[in-house]
Protein chains: 2
Amino acid sequence: MAGKVEARRAALREKLVELAEAQIVAEGLGSLKARQLAKEAGCALGAIYNVFEDMTALVLEVNGRTFQQLGATVRGSLEGAEHLDPNARLIRMSHAYLGYAADNTHLWRALFDVDMSTENAVPQWYMQALGELFALIAAPLAELFPEKDRDELSLMTRALFSSVHGMVLLGLQQRISGVPRDQIAEMISQVLGQIGKN
Amino acid sequence: MAGKVEARRAALREKLVELAEAQIVAEGLGSLKARQLAKEAGCALGAIYNVFEDMTALVLEVNGRTFQQLGATVRGSLEGAEHLDPNARLIRMSHAYLGYAADNTHLWRALFDVDMSTENAVPQWYMQALGELFALIAAPLAELFPEKDRDELSLMTRALFSSVHGMVLLGLQQRISGVPRDQIAEMISQVLGQIGKN
DNA sequence: CAAACACATTGAACGTCGTTCATGACTACC
DNA sequence: GGTAGTCATGAACGACGTTCAATGTGTTTG
């Protein structure tokens with residue numbers, strides 16, 4: 001009967017992550033409460049802390065899954081698009097990013113809204129997943145700007161990612177500059193369409 | 001002796017806004033606490049709620065000032081730059097936006113981090129101040145794209161603002177894509193430099 | 001000027017939050 | 001089957017924004 005405890009903990013861990021994800025999907029990160037979560041999982045309040053360092057760690061676990069999905073979505077947008085010119089590929093990826101964010105707004109927002117102030121260590125998988133995303137962007141850019149060196153390409157990559165992120169972020173939120181999804185896509189096309197033209 | 005109460009309330013209101021602003025400047029929006037604020041202002045905890053609907057209303061007051069400063073900064077960046085081509089003016093404004101955000105990070109972040117979920121009514125001055133900012137961007141764009149109609153220009157304006165905002169946002173925060181300020185400026189120049197070229 | 005009323009101010013108390021930890025229960029090993 | 005060690009439990013803690021009965025002050029009237 002060895003490992004009974006570990007099995008139980010692993011099961012609880014899994015259940016908590018799934019319930020937390022469901023809650024974030026349904027009502028956003030701000031609605032995720034430890035007590036409610038424990039009740040839904042049928043466990044004690046304190047049990048959460050046997051399995052996760054704190055609530056932030058639990059959210060980071062959810063974010064890990066989200067990042068996987070987001071990465072897969074962006075990567076998938078390139079399938080069957082290898083023949084397109086670099087510019088069109090950039091736009092496809094950006095539209096995929098927009099699509100994921102629009103269809104999974106709460107999960108996507110949790111990626112950026114989670115508290116990372118205290119934990120000075122951003123999880124390494126966070127940076128790695130981001131690096132993979134950046135690599136997808138860098139490839140078409142390298143074709144567009146063959147004369148640029150590694151550092152210049154890296155900067156351009158970050159610039160474009162941040163640009164698209166900004167348009168999606170503000171476009172999706174009512175407050176600042178809320179706009180229908182088609183128009184966000186149009187904005188992205190307009191801005192990215194100019195890249196590399198000279 | 002009529003109006004003694006109102007004078008006191010007005011003075012308290014002013015003092016609270018200034019203390020709140022100082023606190024946000026020093027340690028960010030998340031560090032602003034009602035009890036600490038009351039202590040610093042030398043008033044009762046409940047006194048805050050005699051003068052403001054809730055803490056969010058107080059923060060919105062601070063944000064009002066911030067928006068004024070930000071607008072003035074961006075507007076000021078155009079002084080003596082009227083002779084520059086539209087593209088260069090866009091870049092100047094964007095660099096001014098970056099400069100304000102970098103020099104007043106906490107105040108600037110409060111503009112976007114304040115809770116506006118419950119209060120369905122975004123203050124009208126919020127939208128107005130934003131509209132003025134957008135107008136500054138729209139002017140050079142209208143020169144760059146004389147063939148575009150009002151709606152197209154509006155979309156382009158929002159697109160560029162959001163792009164620049166995204167680059168500044170992610171560039172200034174350690175987490176995602178933190179980068180020295182010069183490099184953020186360089187990113188902006190790269191992206192905006194392409195606009196309107198064809 | 002004084003008295004009585006209206007209203008502003010107060011801070012203890014409320015409900016909620018994340019997190020902790022003494023206690024009691026259960027597992028694992030002999 | 002008994003015992004030592006480990007784990008789960010949920011009441012309790014401190015901090016938070018917010019409220020409201022009680023207290024104090026300003027204003028008005030006789």
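Because only heavy atoms are used, hydrogens play no part in the values below, and waters and symmetry mates are left out as well, while side chains stay in. Chain letters run A, B, ... following the sequence lines, proteins first and then strands; every chain starts at 1.
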Participant: How many whole angstroms separate atom CG of L37(A) from atom P of dT9(D)?
Facilitator: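 Taking atom P of dT9(D) as the reference, CG of L37(A) is at 14 Å.
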
Participant: Return the 5'-most residue of the pair R35(B), N50(A) with respect to DNA chain D, ranking by each residue's nearest nucleotide.
Facilitator: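 Taking each residue's closest nucleotide, the earlier one in sequence belongs to N50(A).
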
Participant: Among I188(A), L98(A), V191(A), exactly one meets side-chain contact (heavy atoms from CB on, under 4.5 Å) together with V164(A). Which residue is that?
Facilitator: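 Considering I188(A), L98(A), V191(A), a side-chain contact (heavy atoms from CB on, under 4.5 Å) with V164(A) is found only for I188(A).
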
Participant: Measure from CG on L29(A) to P on dG18(C) and round the result to the nearest Å.
Facilitator: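 Taking atom P of dG18(C) as the reference, CG of L29(A) is at 11 Å.
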
Participant: For L16(B) and dT9(C), what is the distance between atoms CG and C1' respectively, to the nearest whole Å?
Facilitator: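 After rounding, the gap between these two atoms is 14 Å.
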
Participant: Starting the side chain at C-beta, find the nucleotide from dT10(C), dT18(D), dT20(C) nearest to A34(B).
Facilitator: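 It is dT18(D).
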
Participant: Starting at CZ of R13(B) and ending at C1' of dT9(C), how long is that distance when rounded to a whole Å?
Facilitator: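 Whole-Å distance recorded here is 17 Å.
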
Participant: Below 30° counts as parallel, above 60° as perpendicular, anything between as tilted: where do the rings of H165(B) and F161(B) land?
Facilitator: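 Because their plane-to-plane angle is under 30°, the rings of H165(B) and F161(B) count as parallel.
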
Participant: Atom CZ of F52(A) to atom C1' of dA8(D): distance rounded to whole Å?
Facilitator: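 Taking CZ of F52(A) and C1' of dA8(D), I get 16 Å after rounding.
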
Participant: Have a look at L32(B) and say if it touches a base, only the backbone sugar-phosphate, or nothing, with a 4.0 Å heavy-atom cut-off.
Facilitator: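 Contact class for L32(B): sugar-phosphate only.
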
Participant: Nearest whole angstrom, please: distance from the P of dT19(C) to the CD1 of I48(A).
Facilitator: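 It is 9 Å, rounded to the nearest whole Å.
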
Participant: Between Q190(B) and Q194(B), do the side chains contain a donor N or O and an acceptor N or O under 3.5 Å apart?
Facilitator: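 No pair is found: no donor N or O on one side chain lies under 3.5 Å from an acceptor on the other.
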
Participant: Between atom CD of E186(A) and atom CE of M156(B), what is the distance when rounded to the nearest 0.5 Å?
Facilitator: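 Output value for this atom pair is 9.5 Å.
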
Participant: Could you tell me the separation between the NZ atom of K39(A) and the C1' atom of dT16(C), rounded to a whole number of Å?
Facilitator: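 In whole Å, dT16(C) C1' lies 13 Å from K39(A) NZ.
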
Participant: Between atom OH in Y49(A) and atom C1' in dA11(D), what is the gap in whole Å?
Facilitator: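 My rounded result for the distance is 15 Å.
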
Participant: I want to confirm an ordering. Mapping L45(B) and M55(A) to their closest nucleotides on DNA chain C, which one lands closer to the 5' end?
Facilitator: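 Residue closer to the 5' terminus by nearest nucleotide: L45(B).
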
